[in-house]
Amino acid sequence: MRKYLAMLSIFLTLFLTACTNESKPLIESPPTDESPPDSKKEISLRITWKAYSGRGETVQRIIQDFNDTQADYKITLHSGDEDLNSTENHLLKDDYDVYVLPYRFVQYFGSKGLLHPLDASAAHAVSPDLTDLAKIEGRLYGMPWVSHSMALLYNKSLLDAAGVDPKSIVDRQSFIDVLTQVESKTSAQGIGLVGAQHHDLSWMVNQFIYGNSGTLESDGQITISSEPAKTALHYYIDALGQHAQPSWHNDTGLEVMTHFRNGDVAFEIQGLWGVTDIEKSGAPFEVGILPLSSIDTNAEVGPLMLCVGNTVTDEKLPVIKAFINYMISKPAQEAILFGEYSPEHDAYYPFRLPVRSDALSSDFLDAYPGFNVFIDAYNQPSIEVPSPQWMAVKASIYTDYLHQMVTGDLSIEEGLEKIQKDGMAIYEGEQ
């Protein structure tokens, strides 16, 4: 990775109390007979990744810095996932104290009484658009910790070959003009699109709906059968679809990344991993990053939040509050940018971004100067799951009907009407 050595030096400076890989493993082994046992009481943290993964090890380093400040308690890291049912079982059985949860779970579990309300005093450092996703009747049930968002990525080599200035992309029509020029001057298609019956399709399309001032629902009513949503779908399917890879009807985001990596398409809509994927492939070309607002589109945003189980003891609450506040402090947020270690490439790569906008001043971002585009997107997000009820709509009918619109088995108008009608039946059944 570019500037790896400089980044490593900065990281070690930030964490002077942490030992190096050579002297101490990232996740400590149980004490041996030669070392005294740790007398600190435990507060358990369940993350959405494996504790022994590169991501888990990075989180462990940050946690250790907090633990070193505590006399009586320590945070212990545990593997987890993003499975709704298993998470609910853990909450019901009081298996852990603190959970990292996708934002779409927070209102769901909070409304069921399974989460403890949080002190919101430290939330001022986070965009209100993110914290609002974790509120029920004004009370905060999740503290945004890390996130991702989407941007318009482009292959600089292909755009140079086509004589395209990316600054000329200022709206949806100018983007179509650029795609046409790329295709006339190179062998590549304009943009990689998702069309398969897959969750990638729903978040992708929603960005265009929100950017067109459309909504999925409002005040407990599904509102997707609207002129803004119809116009957005026609742009995505009919206009952009004319410039997509031939297989786009059956492609997920994974296939799109492959097309982009191979130089088969000039643009893709992807998160930060779209940039690191090219680096891991030997950097065959330089990746440019444009905000999706360039094409009047809101970026999909997916924060992960720190939440507390509703059965946590009063004794632990002050330490947990201090821990959550530390995790969204600037030093801890900057440490996220150090990334996860990839043994295959012997390098570190970012896997999520901080939620604090002032973390952009971190020297860690020197290697990724365009990443500010991702963080700026927090202030005008596309939210894939705007309510707990929408989770059922998304899981049962939404991607199915969207895919049928992509393939032409349903007209856009008919498909949106079916989503609205069948979705309201699901809403009424959830009540």
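- When side chains are defined from C-beta on, Q245 does not count as touching D264, because their heavy atoms never get closer than 4.5 Å.
- Using a 4.0 Å cut-off between a side-chain N of Lys or Arg and a carboxylate O of Asp or Glu, K167 and D165 do not qualify as a salt bridge.
- Between L304 and S147, the closest side-chain pair of non-hydrogen atoms is not below 4.5 Å.
- Across all non-hydrogen atoms, the minimal contact from S149 to V301 is CB-CG2, 3.8 Å.
- Proximity of the aromatic rings of F338 and Y349 is defined here by a centroid distance below 6.0 angstrom, and this criterion is not met.
- In this structure, Y326 OH and D65 CG are separated by 3.5 Å, a value rounded to the nearest 0.5 Å.
- The main-chain N or O of I328 is found under 3.5 Å from a side-chain atom of R356 such that the two form a donor-acceptor pair.
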### Message
With side chain to side chain donor-acceptor pair (under 3.5 Å) as the criterion, how do S247 and N250 come out once you've worked through the C-alpha distance, each side chain's angles and the decisive distance to 0.1 Å?
### Response
CA-CA 6 Å; S247 58; N250 299 308; over 6 Å; no

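- To the nearest 0.5 Å, atoms CD1 (I237) and CZ (F208) are separated by 11.0 Å.
- Closest approach of D251 and L193 over heavy atoms only: CB-O, 4.1 Å.
- Remark: the backbone N or O of G214 is not paired with any side-chain donor or acceptor of N212 at under 3.5 angstrom.
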### Task
Take T87 and D81 through the side-chain contact (heavy atoms from CB on, under 4.5 Å) test and state the conclusion after the steps.
CA-CA 8 Å; T87 302; D81 52 41; 4.2 Å; yes

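- Atom CG of N67 sits about 12.0 Å away from atom CD1 of I62, to the nearest 0.5 Å.
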### CA sep, side-chain torsions, deciding dist, call: T276, E279, side chain to side chain donor-acceptor pair (under 3.5 Å)
CA-CA 5 Å; T276 57; E279 287 212 352; over 6 Å; no

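- Formation of a donor-acceptor pair under 3.5 Å by the H198 side chain with backbone atoms of D200 is found in this model.
- Residues E384 and R104 are not paired through a salt bridge, judged by the lack of any N-O separation under 4.0 Å between the basic side chain and the carboxylate.
- With hydrogens and angles disregarded, no donor-acceptor distance shorter than 3.5 Å links the side chain of E300 to the backbone of W203.
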### Task
I would like to know whether T215 and T223 meet side chain to side chain donor-acceptor pair (under 3.5 Å); could you show each step before the answer?
CA-CA 6 Å; T215 56; T223 55; 2.6 Å; yes

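- Atoms OG and CG, from S174 and D296 in turn, are 8.5 Å apart once rounded to the nearest 0.5 Å.
- Closest of all the heavy-atom pairs between L158 and A188 is CD1-CB, 3.8 Å.
- Side-chain atoms of L115 and N310, non-hydrogen and from C-beta on, never get closer than 4.5 Å to each other.
- A distance below 6.0 Å separates the ring centres of Y96 and H78.
- Aromatic ring pairs are classed by plane angle as parallel below 30°, tilted from 30° to 60° and perpendicular above 60°; the pair W49 and F351 is perpendicular.
- Residues K112 and E88 are paired through a salt bridge, judged by an N-O separation under 4.0 Å between the basic side chain and the carboxylate.
- When atom types are taken as modelled, the side chain of Q197 and the backbone of T399 share no donor-acceptor pair closer than 3.5 angstrom.
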### Task
Evaluate the criterion ring pair (Phe, Tyr, Trp, His ring centres under 6.0 Å) for residue pair W248 and H259; output intermediate values, then yes/no.
CA-CA 10 Å; W248 81 272; H259 294 307; over 10 Å; no

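- You'll find the side chain of P354 reaches within 4.5 Å of the side chain of I375, heavy atoms only.
- Between S225 atom OG and M424 atom CE the span is 13.0 Å, to the nearest 0.5 Å.
- Remark: the backbone N or O of V385 is paired with a side-chain donor or acceptor of Y103 at under 3.5 angstrom.
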### Message
Between L416 and M405, does the side-chain contact (heavy atoms from CB on, under 4.5 Å) criterion hold? Intermediate values first, please.
### Response
CA-CA 9 Å; L416 292 178; M405 286 184 264; 4.3 Å; yes

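- The shortest side-chain heavy-atom distance between N155 and V287 does not fall under the 4.5 Å cut-off.
- For the 3.5 Å distance criterion, the side chains of S382 and N206 fail to qualify, holding no donor opposite an acceptor.
- A pairwise comparison of heavy atoms in L133 and P303 identifies CD1-CG, 4.0 Å as the closest pair.
- Using a 4.5 Å heavy-atom threshold, the side chains of V106 and C307 count as touching.
- Residues L292 and M150 meet the side-chain proximity criterion, which asks for heavy atoms closer than 4.5 Å.
- The shortest non-hydrogen separation linking S396 to A392 is OG-O, 2.7 Å.
- In this structure, the side chain of E255 engages the main chain of T252 through a donor-acceptor pair within 3.5 Å.
- Taking the salt bridge (Lys or Arg N to Asp or Glu O under 4.0 Å) definition, one finds that E286 meets it with K156, sequence neighbours left out.
- K135 and D132 are joined by a salt bridge, as a carboxylate oxygen and a charged side-chain nitrogen come within less than 4.0 angstrom of each other.
- Residues forming a side chain to side chain contact (heavy atoms under 4.5 Å, CB included) with I320 (at least two apart in sequence, or on another chain): I43, D97, V98, V308, V312, K316, I324.
- Contact check for Y401 versus D422: side-chain heavy atoms found under the 4.5 Å cut-off.
- Taken from CG in D277 to CG in L153, the straight-line distance is 10.5 Å, to the nearest 0.5 Å.
- Side-chain contact, E315 with Y73: a donor N or O sits under 3.5 Å from an acceptor N or O.
- Y235 carries R172 over the face of its six-membered ring, with the cationic atom under 6.0 Å from the centre and within 45° of the normal.
- In the model, D160 has no side-chain atom that pairs as donor or acceptor with a side-chain atom of S157 under 3.5 Å.
- Among the candidates I176, L179, V265, the single residue satisfying the side-chain contact (heavy atoms from CB on, under 4.5 Å) test with I191 is L179.
- Between D72 and K40 there is no salt bridge, since none of the side-chain N atoms of the basic residue sits less than 4.0 Å from a carboxylate O of the acidic one.
- Inspection of the S79 and K50 side chains reveals no N or O donor paired with an N or O acceptor under 3.5 Å.
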### Task
Please step through ring pair (Phe, Tyr, Trp, His ring centres under 6.0 Å) for the pair F285 and F260, ending with a clear verdict.
CA-CA 10 Å; F285 55 84; F260 186 68; 5.4 Å; yes

### Query
Going through the checks in order, is the side chain to side chain donor-acceptor pair (under 3.5 Å) test met by E217 and Y427?
CA-CA 11 Å; E217 60 145 56; Y427 269 33; 2.2 Å; yes

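- Between F267 and F175, the angle of the ring planes goes over 60°, which puts this pair in the perpendicular group of the 30/60° scheme.
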### Message
Please determine whether side-chain contact (heavy atoms from CB on, under 4.5 Å) holds for the pair I169 and Y154, giving the CA-CA distance in whole Å, both sets of side-chain angles, and the decisive distance to 0.1 Å.
### Response
CA-CA 12 Å; I169 302 171; Y154 61 90; over 6 Å; no

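- Contact between A335 and T58 at its shortest, heavy atoms only, is O-CG2, 4.2 Å.
- Aromatic pair F371/F374: centroids less than 6.0 angstrom apart.
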### Task
May I have the step-by-step check of side-chain contact (heavy atoms from CB on, under 4.5 Å) for W145 and V59, ending in yes or no?
CA-CA 11 Å; W145 167 51; V59 176; 3.8 Å; yes

